[in-house]
Structures are given as C-alpha cells and as structure tokens.
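The structure under discussion appears below in the form of structure tokens.
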Amino acid sequence: MFSFSDTRRCVWVNGPVIVGAGPSGLAVAAGLKEQGVPFVILERANCIASLWQKRTYDRLKLHLPKQFCQLPKFPFPDHYPEYPNKKQFIEYLESYARHFDINPQFNETVESAKYDEACRLWRVKTVSPSGCEVEYICQWLVVATGENAEQVMPEIEGLQNFGGEVIHACDYKSGENFRGKRVVVVGCGNSGMEVSLDLCNHDAKPSMVVRSSVHVIPREVFGKSTFELAIFMLKWLPLWLVDKILLVLAWTILGNIEKCGLKRPSVGPLELKNTQGKTPVLDIGALEKIKSREINIVPGIKKFSCGMVEFLNGEKLEIDAVVMATGYRSNVPYWLQETEFFSNNGFPKAPFPNGWKGRAGLYAVGFTRRGLSGASVDAMKIAQDIGKVWKEDLNQKKQKVPTHRRCISTF
Ligand SMILES: Cc1cc2nc3c(=O)[nH]c(=O)nc-3n(C[C@H](O)[C@H](O)[C@H](O)COP(=O)(O)OP(=O)(O)OC[C@H]3O[C@@H](n4cnc5c(N)ncnc54)[C@H](O)[C@@H]3O)c2cc1C
Ligand SMILES: NC(=O)C1=CN([C@@H]2O[C@H](COP(=O)(O)OP(=O)(O)OC[C@H]3O[C@@H](n4cnc5c(N)ncnc54)[C@H](OP(=O)(O)O)[C@@H]3O)[C@@H](O)[C@H]2O)C=CC1
Ligand SMILES: O=C(O)C(=O)Cc1c[nH]c2ccccc12
C-alpha cells in the first residue's frame, strides 16, 4: 500500500474488486472465498444489502418462493416460511456474510472506474462521506451495484408547488404516517401495488396512477406458486404458450381486471419481462382493494398544483401526499468508463445468459432481470472464471504483484 496523504491513498488489490455488497456481490465473494481467492468489496452504505435494509418498506416479503431466492452454497434455514419476510431475508444475508467470512469496506462509494490500457489494470476510485479518496488498482472488476441502484423520480409539472409530502417508494416504510390522508401513488408495479395496499391497511386513502398497462398475476394458483408453475411449464412448452396459460389462470382466479380500470399489455407477462424487463405484479391482496374501490385507480398525471393533482382526463383531486413508485435505474454509466460491454442504460448489452463477462477482467453480476436466481447463476460463473485464472497463475508460481507493470497513481 502506498500512502500519499491522510485523505488520499492508493491500494493494490491482490484479486478482484467487487463493487456493491448486496446479494450479488456477496454471492460472488462466497464463491471466491471457497476457492481461496482474495478480494475487496466496496460498498457505499454502512451495511450489507442496503437495498433491503434501508430502502424497502416494513411489510415486504419475498415474492418468489424461497428456493428461487437463496444464494449459492448456503440454503435458507429449514424453518423459514415459503415466502420469507424482509427481516428474515436480511438475517439470512447477514449469516451468509458471516458464514463465508465476508467483510466489505463500508462507506466507500465508487465514483469512477476505468481500465488503464498502459498497465493493463483497473483503476477504481472511491470517496467516503468524510472526504477520503482511495484508488484501488486491480486485475479484475466485478460490477454488483444492482438493477435498482438509484430511484427514478420523474419531473412532473407543478410538483414544486404541491406543498405536501413527496417521497419515493424506497423511502416509504409504513402507512402509519399517512393515516386518514389522501395519497397519490404514482406507478402500478409491485411497489405501487404494495404501497397502495399498505396505505389501505392503515386507513389512508390511496389513488394509484395507472398511465399505461400492467399484468397482474396471482402469486399462487391452487396453493402452488405461479412462478414455480411457470418455470416448470417452460421445461416443455414454448414461452408464448406458458404466457397464454398464465393469462387464463389469472383470468380464472382474479377475473377480468380491465373491469377495475387496469389495462393488460398486449405482450404476455413473461415475454414482457424478458424483452422490456417489466416485472408482472404478483398480487398479494391489492387487487381485492382495487375491486372494492378502497384503492382508487386514476389515469396519468397532467400536473400538480397546491394540494391538488390534475389527471390527463382533466379530472382534479385534492390530495395530502405523493408516493412515487416509479421504479429504479442502474448507476453504472455514472461511474464506469466503459462502453463496449455495458450499454448506456447501465445494463450489459448481451442478454442473459451472456451478460456476465466483459473484456479485460470486467464482470457483471445481478443485471439479468431475473431477480435473485439470475444473480446466483452469474455469481457462480464469475467466481469459477476468476478462480480458474487465479489457480493457473498460482500453478505457474507467478508473483501476484506484476512487477513488470508500472502503475502510477492518477491522483
Ligand atoms: C422492493 C424490492 C423487492 C424485491 N423482491 C425480490 C424478490 O422477492 N425476489 C427476487 O428475486 N428479487 C427481488 N427484487 C430484485 C432485487 O434486485 C434483488 O432482490 C436483489 O436485491 C438484487 O441484488 P443486487 O446485489 O444485485 O443489488 P442490490 O441489492 O441493489 O445491491 C447493490 C449494492 O451496491 C451498492 N452500490 C450501488 N452503487 C454503488 C457505488 N457506486 N459504490 C459502492 N456501492 C454501490 C448499493 O448500496 C447496494 O448495497 C426486489 C427488488 C426490490 C426493489
Ligand atoms: N415483494 C417483492 O418481491 C417486490 C418486488 N419489487 C421489484 O422491484 C423492482 C422495481 O419495482 P417497482 O418499484 O414497482 O418499479 P417498476 O419499474 O416495476 O414500475 C414502475 C411503475 O411506475 C410507472 N411510472 C414511471 N414513471 C411514471 C410517470 N412519470 N407517471 C406515471 N407512472 C410512471 C410505470 O408505468 P409504465 O409501465 O407506464 O412505465 C410503472 O407502473 C421490480 O423488479 C419489482 O418486481 C418491488 C416491490 C415488491
Ligand atoms: O426481479 C424481481 O423484481 C422479482 O420480483 C423477481 C422476478 C424475477 N423474474 C420474475 C418474473 C415474474 C415475477 C417476478 C420475477
């Protein structure tokens, strides 16, 4: 380690640098530990799995059965329910990190990373809340910052004049603070649906904005997970047929959702997830509240004004608060200076299962739009790939610090 001053340091990392200590980063780390490959994990928050610990609501449960959400080589405890809740999932991730002795560097935000062609190494720069800057130099870079790294906050006319509380769904914890209030929930994905349901359960009055269309699917069919059933059917049937069957099942169990103001997309639910990354809503009770009008469905928003919202159909509503359940985006384009492997939307250009490995020791984990199970698949491939090269190098008894390369700090 070369130290330049109290606030600027340069660190050589023997092994990969992993950016992000969410489930994806932890899964890669576990695979590397098993093979004895050293690494450093850089995490902007002060804890692992910050999305789950800091940016989700209290009543959150996993949507998919537990076997689709566990990370490699360390299953959920047997006593966990079919759909673990947020607390249980966080406890599982904490025990995962303990089990594999994974200790991320917390409070370090990666602000830039680029491949130095001259010395054929990655230069990764971080900054901490106290202003300390560190440059890490390494042979492998694993991007594990997630599909949900930043909140999407749309700019809607007049929002600055609204005057009431405006939050993003990632800062919503419970309807307790909204008791008796009229709340516009913008967006009808899984977040919008569940925030609206939670508001109902706390005697608030939600109006949910549905500006286009949405697939609502029952979480279970005859006591069996719909997702599991779909995965099972996909072994024998083409995707379009599975989509058709899902829609028939949804219609049989939920009825015609168009009657309550929800339009279905023309493309089937799995095809839409595959092509546009739009996750179908797995219903856990919001639809019932929509049918009973406890959740009011409203069209796209035209503008806000003081204590009011106006919709595209010209109707106006007096409201007390706004929850933007408008989704998330990747932050990779803000810090990774690379355009060959990653596209400008912050996702790898190659679709699943090929988006895990780039050029010159660059990897991506958790950008498959296939939730935690997609992340696990990526993680195992990455750990194996790096482990292989690592072992080859060891066998050739090469020194890990490449003395033939000169690397000068760019601070
Ligand atoms: C509300 C919600 C519920 C979900 N439920 C499910 C579910 O039931 N099943 C399922 O399969 N999937 C679910 N998902 C999908 C979700 O993407 C995964 O659960 C999982 O969290 C993805 O893990 P990840 O490690 O890829 O990303 P994240 O969990 O987002 O972790 C990324 C980490 O990287 C850190 N980071 C980001 N940028 C930087 C930077 N520049 N420098 C340093 N650190 C950085 C973040 O702080 C974070 O800790 C859900 C998503 C949301 C939003
Ligand atoms: N329990 C669980 O497992 C949960 C899982 N999740 C997951 O987290 C991820 C993110 O979900 P979510 O937060 O719901 O985000 P999504 O991206 O799935 O949904 C965003 C919603 O906001 C709408 N929207 C965006 N901008 C505007 C705007 N300007 N005006 C009106 N509507 C707008 C979109 O409409 P349009 O379609 O028209 O663009 C869409 O309905 C998903 O993968 C989801 O499955 C989330 C919650 C719970
Ligand atoms: O990625 C998500 O947000 C999930 O909730 C998990 C998920 C992955 N693939 C799906 C297909 C249908 C429904 C949920 C998921």
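The figures here come from the full heavy-atom set of this structure, side chains too, leaving out hydrogens, waters and symmetry mates.
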ask   = To the nearest 0.5 Å, what is the distance between CG (L32) and CD1 (I18)?
value = 5.5 Å
ask   = Sub-3.5 Å donor-acceptor pair from the side chain of D243 to the main-chain atoms of E271, do we have one?
value = yes
Side-chain donor or acceptor of S24 paired with backbone N/O of A375 under 3.5 Å = no
ask   = Closest approach of E228 and E82, non-hydrogen atoms and distance?
value = OE1-OE2, 4.4 Å
request  = Check the surroundings of atom NZ in K349: do more than 12 heavy atoms from other residues, nucleotides or ligands lie under 6.0 Å from it?
outcome  = yes
message = Has K291 got a side-chain atom pairing as donor or acceptor with C260's backbone, closer than 3.5 angstrom?
response = no
task = Can you measure from CD1 (I48) to CD (E43) and round to the nearest 0.5 angstrom?
result = 9.5 Å
request  = Report the residue from E220, Q88, H63 that forms a side-chain hydrogen bond (donor to acceptor under 3.5 Å, both in side chains) with Y83.
outcome  = E220
ask   = Distance from K73 atom NZ to E34 atom CD, nearest 0.5 Å?
value = 4.5 Å
query = So does K125 pair up with E111, basic N to acidic O under 4.0 Å?
reply = no
Parallel, tilted or perpendicular: ring planes of Y115 versus W122, cut at 30 and 60 degrees = tilted
message = Is there a side-chain contact between C200 and I295 in this structure, where contact means two heavy atoms from C-beta onward sitting under 4.5 Å apart?
response = yes
inquiry  = Looking at every non-hydrogen atom in both residues, tell me the closest pair between F342 and A364 and how far apart they are.
reply    = CZ-CB, 3.7 Å
request  = Could you check V242 against F232 for side chain to side chain contact (heavy atoms under 4.5 Å, CB included), going step by step and ending with a plain yes or no?
outcome  = CA-CA 10 Å; V242 176; F232 180 74; over 6 Å; no
query = With the threshold set at 4.0 Å, does a side-chain nitrogen-carboxylate oxygen contact exist between E176 and R179?
reply = yes
Test side-chain hydrogen bond (donor to acceptor under 3.5 Å, both in side chains) applied to Q70 and Y80, step by step = CA-CA 11 Å; Q70 60 197 8; Y80 266 34; over 6 Å; no
query = Roughly how far, to the nearest 0.5 Å, is CG of L254 from NZ of K259?
reply = 13.0 Å
request  = Heavy atoms only: give me the nearest V142-P16 pair and the separation to one decimal.
outcome  = CG2-CB, 4.3 Å
ask   = Where the side chain of S373 meets the backbone of C69, is there a donor-acceptor pair that is under 3.5 Å apart?
value = no
query = So, do Q53 and L93 sit near enough that their side-chain heavy atoms are less than 4.5 Å apart?
reply = no
task = Report the C-alpha separation of L121 and W12 in whole Å, then their side-chain angles, then the decisive distance to 0.1 Å, and conclude whether the side chain to side chain contact (heavy atoms under 4.5 Å, CB included) test is met.
result = CA-CA 10 Å; L121 293 167; W12 160 257; 3.8 Å; yes
message = Under 4.0 Å between a side-chain nitrogen and a carboxylate oxygen: does that hold for E147 and R369?
response = no
ask   = Counting only N and O atoms by type, is there a donor-acceptor contact under 3.5 Å from the side chain of Y57 to the main-chain atoms of S191?
value = no
query = So do the side chains of W52 and C47 get within less than 4.5 Å of each other, counting heavy atoms only?
reply = no
request  = Determine, using ring centers only, whether F227 and F68 are less than 6.0 Å apart.
outcome  = yes
task = Grab the two heavy atoms, one from V281 and one from C188, that are nearest each other, plus how far apart they are.
result = CG2-O, 3.4 Å
ask   = Within the distance-only criterion (no hydrogens, no angle test), does the side chain of N190 pair as donor or acceptor with the backbone N or O of L282 below 3.5 angstrom?
value = yes
key: Test item: N107 side-chain N/O and S128 main-chain N/O as donor-acceptor pair under 3.5 Å   = no
task = Hey, can you tell me if F178 and Y172 have their rings parallel, tilted or perpendicular (30° and 60° cut-offs)?
result = parallel
inquiry  = Treating T326 as the side-chain partner and G187 as the backbone partner, does any N or O pair qualify as donor plus acceptor under 3.5 Å?
reply    = no
ask   = Where is the tightest heavy-atom contact between G36 and W390, given as atom of each residue plus distance?
value = O-NE1, 4.0 Å
query = Less than 4.5 Å apart, any side-chain heavy atom of I319 and any of S207?
reply = no
task = Would you please test I156 and M324 for side chain to side chain contact (heavy atoms under 4.5 Å, CB included) and show each step?
result = CA-CA 11 Å; I156 304 179; M324 295 287 188; 4.0 Å; yes
task = May I ask you to test the V298-V184 pair for a side-chain heavy-atom distance under 4.5 Å?
result = no
Atom pair NE2 (H202) and OG (S174), whose distance is rounded to the nearest 0.5 Å = 3.5 Å
inquiry  = Please find the pair of heavy atoms, one from I41 and one from G20, that lie closest to each other, and give the distance.
reply    = CG2-O, 3.5 Å
message = Between D320 and R182, does any side-chain N to carboxylate O distance fall below 4.0 Å?
response = yes
inquiry  = With a 4.5 Å cut-off on side-chain heavy atoms, are K33 and F39 touching?
reply    = yes
key: K381, NZ atom: more than 12 neighbouring heavy atoms under 6.0 Å   = yes
request  = Kindly check if the number of other-residue, nucleotide or ligand heavy atoms within 6.0 Å of NZ (K173) is above 12?
outcome  = yes
message = Between K87 and E91, does any NZ, NE, NH1 or NH2 come within less than 4.0 Å of an OD or OE carboxylate oxygen?
response = yes
key: Working for side-chain hydrogen bond (donor to acceptor under 3.5 Å, both in side chains), residues N161 and K303   = CA-CA 10 Å; N161 307 323; K303 62 177 184 192; over 6 Å; no
message = Does K66 have more than 12 heavy atoms from other residues, nucleotides or ligands lying within 6.0 Å of its NZ?
response = yes
inquiry  = Just so I know, are the side chains of F76 and F89 near enough to count as touching, which here means a heavy-atom distance under 4.5 Å?
reply    = yes
request  = Could you tell me the separation between the OG atom of S50 and the CD1 atom of I90, rounded to the nearest 0.5 Å?
outcome  = 10.0 Å
key: Salt bridge flag under 4.0 Å for residues R44 and E150   = yes
message = Can you confirm whether N313 is buried at CG, in the sense that more than 12 heavy atoms of other residues, nucleotides or ligands lie under 6.0 Å from that atom?
response = yes
query = Is the number of heavy atoms from other residues, nucleotides or ligands within 6.0 Å of NZ (K114) greater than 12?
reply = no
message = Would W356 and Y363 count as a side chain to side chain contact (heavy atoms under 4.5 Å, CB included) here? Give the steps.
response = CA-CA 5 Å; W356 60 281; Y363 296 90; 3.9 Å; yes
key: Backbone of T279 reached by a side-chain donor or acceptor of H215 within 3.5 Å   = no
Any side-chain heavy-atom pair of R264 and W251 under 4.5 Å = no
ask   = Under 6.0 Å from the CD atom of Q35, do we count more than 12 heavy atoms belonging to anything else shown?
value = yes
message = Within a 6.0 Å radius of atom NZ on K273, are there more than 12 heavy atoms belonging to other residues, nucleotides or ligands?
response = yes
